[in-house]
**Student:** 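Sharing a structure, written as structure tokens. Questions coming.
Below, read A as the first sequence line, B as the second, and so on, with proteins coming before strands; counting in each chain starts at 1. Hydrogens, waters and symmetry mates play no part in the numbers below; they use all other heavy atoms, side chains included.
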Amino acid sequence: MTATTPAIEGWFTTGEAPALIGSRCTTCSTVFFPRTEGFCRNPTCDGEEFSDTELSRRGRVWSYTDAQYQPPAPYIPATDPYVPFALAAVELPEGIVVLGQVADGFTVNDIKVGDEMELVVETLFVDETGERTIWRWKPTTWITEPAEMPGGAS
Amino acid sequence: MTGNDVAIAGVGMHPWGKWGRNFVSYGVVAARAALADAGIAWTDVDLIVGGETVRNGYGGYVAGATFAQALGWNGARVATSYAACATGAQALDTARARILAGMSEVALVVGADTTPKGFLAPNAGERWDDPDWLRFRLLGMTNPAYFALYARRRMDLYGATQADFAQVKVKNAKHGLANPNARYRKEVAAEDVLNSAIVADPLHLLDICATSDGAAAVILCSTAYAEKHGLGGGVRIKAISTVTPTFPNTVIDMPLMSTESSAGGVPEQTFKESIGAAAYEEAGIGPEDVDVAEVYDLSTALELDWIEDLALCKPGEAEQLLRNGDTTIGGRIPVNPSGGLACFGEAVPAQALAQVCELTWQLRGQAEGRQVDGARVGITANQGLFGHGSSVILAR
């Protein structure tokens, strides 16, 4: 019996409109990703309580690259032989830049700095428990359904 | 201001390469070379600071004591520093602080490494709370991929080209030709770079520095001790910047997968800009006073970033400096006359010390075959994983 589960627990939601899960400091409102607990890293805040917050699903490309050679362990290749994948750093309206692989089928030739990207969840690798998923960035020019624009990203 | 100066009494290196021997053997060679250069006996050293290496077992974790034992226990005080690529600067700063406090007279600072082949990978084991492990597991994000993000941004924002990046390699290869400590001493043509395989777009194999074995050592003493014994040729450390970032750090940094939020406003300077700024402030000089720079060219494009971060030109102008020949030996502000990481490859705990060795030779006029004429002020720049600034200013 196998199932589809996130490659890491508690970092993103799945389903129709997946999103990264961040932490908002209940004292100073600063948002952090990945989630954090115990103490706020804003140097002027001594907050210790956080609430989960879903980050915006769309942002703008800060920069991008790809992995032409198979990365070393603990990376687990999805295919044999290895197929290169693209990576993007995307700036969200929350002012956080988040790295991610680019969605299957897209290369660096499909992206420019400033382009809009949307978060999707795809299979990262398969292990004995089944498909393990991860967040990825997909160029919105390839997404046909209308969606709201992010505010404040640059 | 000379109040916080310390003297460089001697420097020494073990050549960079892929020798496959124990890091301790390299460190001893570099230490003995530095002691000979200073004309100081090991038994006169009262403080040893080692740069930790994390891939060589327990002996690497306690590098200061490891080198002290190898040189022969002499009762010196000991410290070991780790700040990733910035390890050497932090080790130097530790030695300087003790000397300036009057608690040490002569200090030996040593860094040495033996490196594996290929990509630097994280330590073994499943470590779900370690970002350096997670970035490989979740994203397959290697070090060159980070360098490539910065390179691509220069292209899309400033119009840099892969040919510009290749030209950095061409320049540094030429600079390092006569450097006896460099691993690669061979001219490289721009086509060689552009025809080499793409590792992480837009960077080619020859845009990215290798990992190397090597060792570097620096002997520090008080200016009074140097003058009394006529040591070191008048080279002084004017500043050592080991600053951390200022919140929020909004430029994506290796090995992290995200930045802090800029929503509440951003600092006046980026982290990398603040590294050099702190060094200039401590030395009481400005970028216009600098004659020569050794910067951390993990990739060719990163050299261009550092030139701007050190305020040697405005953001977006480094390509113009390069194209004008300003950063070549003989130009307005030569960068990486040693040949840089392009000719050395990276030996992590030794590298920031190697930068200081090179500037010492440059300021003494002893950099044979790569001398920057009349150099009196030099600056290094480097950054270690997890928020370690590293910039050293030397002057004579």
**Student:** Which one wins on heavy-atom pair count under 4.5 Å against chain B: A:Val31, A:Asn42, A:Ile76?
**Tutor:** A:Asn42
**Student:** Stepwise, does the side chain to side chain contact (heavy atoms under 4.5 Å, CB included) test hold for A:Trp62 with B:Thr259?
**Tutor:** CA-CA 11 Å; A:Trp62 185 84; B:Thr259 65; over 6 Å; no
**Student:** What's the separation between atom CD in A:Glu91 and atom OG in B:Ser261, rounded to the nearest 0.5 Å?
**Tutor:**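 With rounding to 0.5 Å, CD (A:Glu91) is 9.0 Å from OG (B:Ser261).
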**Student:** Counting only heavy atoms closer than 4.5 Å, note whether A:Ala86 contacts chain B via side chain, backbone, both or neither.
**Tutor:** neither
**Student:** Heavy atoms only: give me the nearest B:Leu134-A:Ile8 pair and the separation to one decimal.
**Tutor:**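 Looks like CD2-CD1, 3.7 Å.
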**Student:** From A:Gln68 CD over to B:Leu205 CG, what is the distance, rounded to the nearest 0.5 angstrom?
**Tutor:**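 Reported value, rounded in 0.5 Å steps: 12.0 Å.
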**Student:** Under 4.5 Å between any side-chain heavy atoms of B:Tyr150 and A:Ser63, yes or no?
**Tutor:**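 The answer is no; the side chains never approach within 4.5 Å.
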**Student:** Among A:Arg132, A:Arg136, A:Lys112, single out the residue with the greatest number of heavy-atom pairs under 4.5 Å to chain B.
**Tutor:** A:Lys112
**Student:** Taking the side chain as everything from C-beta on, heavy atoms only, tell me whether A:Tyr69 gets closer than 4.5 Å to B:Thr142.
**Tutor:** no
**Student:** Given a strict heavy-atom distance threshold of 4.5 Å, which part of A:Pro84 is in contact with chain B: side chain, backbone, both, or neither?
**Tutor:**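 Interface part for A:Pro84: neither.
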**Student:** Assess whether atom CZ of A:Phe39 is packed by more than 12 heavy atoms of other residues, nucleotides or ligands within 6.0 Å.
**Tutor:**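 Open.
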**Student:** Please verify the inter-ring angle class for B:Phe247 with A:Phe32; under 30° counts as parallel, over 60° as perpendicular, anything in between as tilted.
**Tutor:** tilted
**Student:** Between A:Thr107, A:Ile134, A:Val90, which residue shows the highest count of heavy-atom pairs closer than 4.5 Å to chain B?
**Tutor:**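 Most heavy-atom pairs within the cutoff with chain B belong to A:Ile134.
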**Student:** Looking at A:Thr30, A:Thr44, A:Leu124, A:Val97, which makes the most heavy-atom pairs under 4.5 Å with chain B?
**Tutor:**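 Heavy-atom pairs under 4.5 Å are most numerous for A:Val97.
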**Student:** Search all heavy atoms of B:Gly140 against all heavy atoms of A:Pro71 and return the closest pair with its distance.
**Tutor:**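 Taking every non-hydrogen atom into account, O-CG, 3.4 Å.
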**Student:** Taking A:Asp66, A:Val108, A:Val113 one by one, which has the highest count of heavy-atom pairs under 4.5 Å against chain B?
**Tutor:**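 Looking at each of A:Asp66, A:Val108, A:Val113 in turn, A:Asp66 comes out on top.
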**Student:** Find the one option among B:Arg137, B:Met257, B:Met155 whose heavy-atom pairs under 4.5 Å with chain A are most numerous.
**Tutor:** B:Arg137
**Student:** What residue among A:Phe85, A:Trp135, A:Tyr75 forms side chain to side chain contact (heavy atoms under 4.5 Å, CB included) with B:Leu139?
**Tutor:** A:Trp135
**Student:** Is any side-chain heavy atom of A:Tyr64 closer than 4.5 Å to one of B:Asp156?
**Tutor:**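 A side-chain contact under 4.5 Å exists here.
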**Student:** Can you confirm whether A:Thr65 sits close enough to B:Tyr146 that some side-chain heavy atom of one is under 4.5 Å from a side-chain heavy atom of the other?
**Tutor:**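 When only atoms from C-beta onward are counted, B:Tyr146 and A:Thr65 do not touch, as no gap falls below 4.5 Å.
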**Student:** Go through the structure and list residues passing side chain to side chain contact (heavy atoms under 4.5 Å, CB included) with B:Val170, not counting sequence neighbours.
**Tutor:** B:Gln167, B:Ala190
**Student:** Looking at every non-hydrogen atom in both residues, tell me the closest pair between A:Pro74 and B:Phe136 and how far apart they are.
**Tutor:**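 The pair with the smallest heavy-atom distance is CD-CB, 3.6 Å.
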